[in-house]
Trainee: 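Dropping a structure here in structure tokens format, bear with me for questions.
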Number of protein chains: 2
Amino acid sequence: MPPVSARRPIPDATVARLPIYHRSLSQLREKGTSKVSSAQLANMAGLNAAKVRKDLSYLGSYGTRGVGYEVKYLLFQIDRELGLAKDLGVAILGLGNLGRALANYGGFGDSGFPVAALLDNDQTKVGTTYNGVKISHLNDLAGVVVAERIAIAIIATPAHVAQEVTDQIVAAGVTSILNFAPTTVTVPDHVTLRKVDLASELQILGFYQHRDTDIAEAS
Amino acid sequence: MPPVSARRPIPDATVARLPIYHRSLSQLREKGTSKVSSAQLANMAGLNAAKVRKDLSYLGSYGTRGVGYEVKYLLFQIDRELGLAKDLGVAILGLGNLGRALANYGGFGDSGFPVAALLDNDQTKVGTTYNGVKISHLNDLAGVVVAERIAIAIIATPAHVAQEVTDQIVAAGVTSILNFAPTTVTVPDHVTLRKVDLASELQILGFYQHRDTDIAEAS
DNA sequence: TAGTGTGAATTTCTTCACAGCG
DNA sequence: CGCTGTGAAGAAATTCACACTA
């Protein structure tokens with residue numbers, strides 16, 4: 001029997017939307033809604049119905065024609081596809097403002113990603129605990145990764161050490177990295193890297209604002 | 001004479017990469033490097049040379065065959081395209097952990113996006129200042145937007161008030177919004193909305209981790 | 001009959017490959 | 001010669017439109 005993932009591969013664009021569906025479906029379940037149509041789901045998720053149906057079709061044919069999707073069952077399938085309920089340990093590297101905010105951010109643990117390690121290179125922070133988690137020194141990275149079974153690393157260091165810290169976490173065997181440092185870091189092919197770039201987001205918004213303003217002025 | 005933006009439109013995917021080029025070029029300028037090839041730039045930005053050349057070609061033909069691009073001139077063109085040096089005022093709505101971290105985050109002001117307003121609905125916070133900026137009540141949104149010439153709003157409220165706050169900021173005339181709240185918000189067509197979804201990022205990483213693990217096990 | 005599931009059409013993005021120029 | 005600029009090819013993502021069925 002082939003493993004779960006041996007189906008027709010799910011496109012990246014669809015993968016990126018699974019968490020949105022997950023969230024929308026969770027809300028529906030909370031409300032006690034048992035059935036949902038692609039149009040309703042699209043509305044909640046800020047998408048269109050065709051895209052929702054196409055996306056869900058990659059998971060399998062879980063809908064009922066003329067009716068829609070059963071909320072609980074679809075949610076279960078998405079959970080399974082996302083590999084939730086595995087409790088992947090998260091390490092946050094760098095405990096400046098952003099790192100601490102992320103450590104405090106309840107949203108992670110709730111979604112099955114417990115913050116299991118905090119690391120910094122500031123000796124005055126090392127040894128103290130933050131939000132119930134002990135702060136370790138970045139030099140002890142390798143040991144902490146093993147001891148806490150870290151599966152995902154969040155880089156929240158200043159830009160100038162981000163690459164160095166990334167190299168260390170990769171060497172320690174972590175293959176999933178989320179980079180918040182305002183710089184580009186590179187990783188080997190077998191490592192999945194995503195980034196959250198706050199300054200870039202504002203610049204992108206600025207671009208469209210600028211452009212739309214020009215268009216308005218040109219009329 | 002047509003306005004700057006009346007050229008062949010820049011694709012969204014390219015726009016999203018302009019900030020990366022901006023950052024890489026800034027680093028080069030800092031180092032005193034005057035010329036750069038598409039291959040070097042690609043290397044810094046974590047992209048490939050063909051994409052870099054294609055992207056830059058949408059801005060105009062600013063390179064020199066056989067040589068490369070002049071760092072300062074290209075940077076100037078990207079700045080202009082991004083509409084930087086306009087100092088678009090940013091308002092942060094919601095001053096929990098995340099909102100405060102963002103307010104402290106130096107990266108914004110540095111890139112020409114001064115944090116000009118902070119808003120919350122907690123009366124004990126209103127009236128105090130944070131990081132040199134006075135905290136106003138969310139009820140005073142409309143006035144603050146005008147007084148501080150807010151162009152971009154960052155939503156950092158809890159999920160359950162995000163839509164309400166978004167509606168208010170749209171009503172106040174802001175057309176660029178960056179949503180950090182862990183929920184989908186909808187806006188009218190003329191408003192540009194981007195989102196940063198922390199929990200989703202982890203779920204996406206979890207998906208690939210899960211999948212790659214399965215593949216490894218299947219061998 | 002209402003709404004799914006999906007081939008086909010379309011659009012967007014990426015990559016190729018090479019002519020053209022400094 | 002070396003590297004840009006760009007048509008053309010290819011891949012990916014989105015949207016359309018409708019057969020199908022519970």
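Proteins get letters first, then strands, A, B, ... in listed order; numbering begins at 1 in each.
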Trainee: Please determine which of B/Val71, B/Leu41, B/Leu47, B/Leu75 meets the side-chain contact (heavy atoms from CB on, under 4.5 Å) test together with B/Ser24.
Mentor: B/Leu41
Trainee: What is the 5' to 3' range of DNA chain C, first to last nucleotide, that sits under 4.0 Å from any heavy atom of chain A?
Mentor: C/dA2 to C/dA8
Trainee: Contacts to DNA chain C from residues 17-54 of chain A, heavy-atom cutoff under 4.0 Å, which residues?
Mentor: A/Ser37, A/Ser38, A/Arg53, A/Lys54
Trainee: To the nearest 0.5 Å, tell me how far A/Gln27 CD sits from A/Met44 CE.
Mentor: 4.5 Å
Trainee: Between A/Pro11 and A/Gly66, who's closer to the 5' end of DNA chain D by nearest nucleotide?
Mentor: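 The 5'-side residue here is A/Pro11.
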Trainee: Is there side-chain contact between B/Leu88 and A/Gln209, with heavy atoms separated by less than 4.5 Å?
Mentor: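 They are in contact (side-chain heavy atoms under 4.5 Å apart), so the answer is yes.
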Trainee: Considering only D/dT14, D/dT4, D/dC20, which nucleotide approaches the side chain of A/Arg65 most closely?
Mentor: D/dC20
Trainee: Atom OH of A/Tyr73 to atom P of D/dA22: distance rounded to whole Å?
Mentor: 15 Å
Trainee: With a 4.0 Å cut-off on N to O distance, would you call B/Arg149 and B/Asp87 a salt bridge?
Mentor: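 Not counted as a salt bridge, because no side-chain N and carboxylate O are separated by less than 4.0 Å.
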Trainee: On DNA chain C, check which nucleotide each of B/Thr64 and B/Asp12 is closest to and give me the residue with the more 5' one.
Mentor: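 It is B/Asp12, whose closest nucleotide lies nearer the 5' terminus.
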Trainee: Without decimals, in angstroms, what is the distance between B/Tyr58 OH and D/dG7 C1'?
Mentor: 11 Å
Trainee: Can you name the nearest heavy-atom pair linking A/Phe207 to B/Glu81, along with the distance?
Mentor: CD1-O, 3.1 Å
Trainee: Is the number of heavy atoms from other residues, nucleotides or ligands within 6.0 Å of NZ (B/Lys72) greater than 12?
Mentor: no
Trainee: To the nearest 0.5 Å, tell me how far B/Tyr21 OH sits from B/Ile78 CD1.
Mentor: 8.0 Å
Trainee: Considering non-hydrogen atoms only, spot the tightest contact between A/Gly99 and A/Ala156 and give its length.
Mentor: CA-CB, 3.9 Å
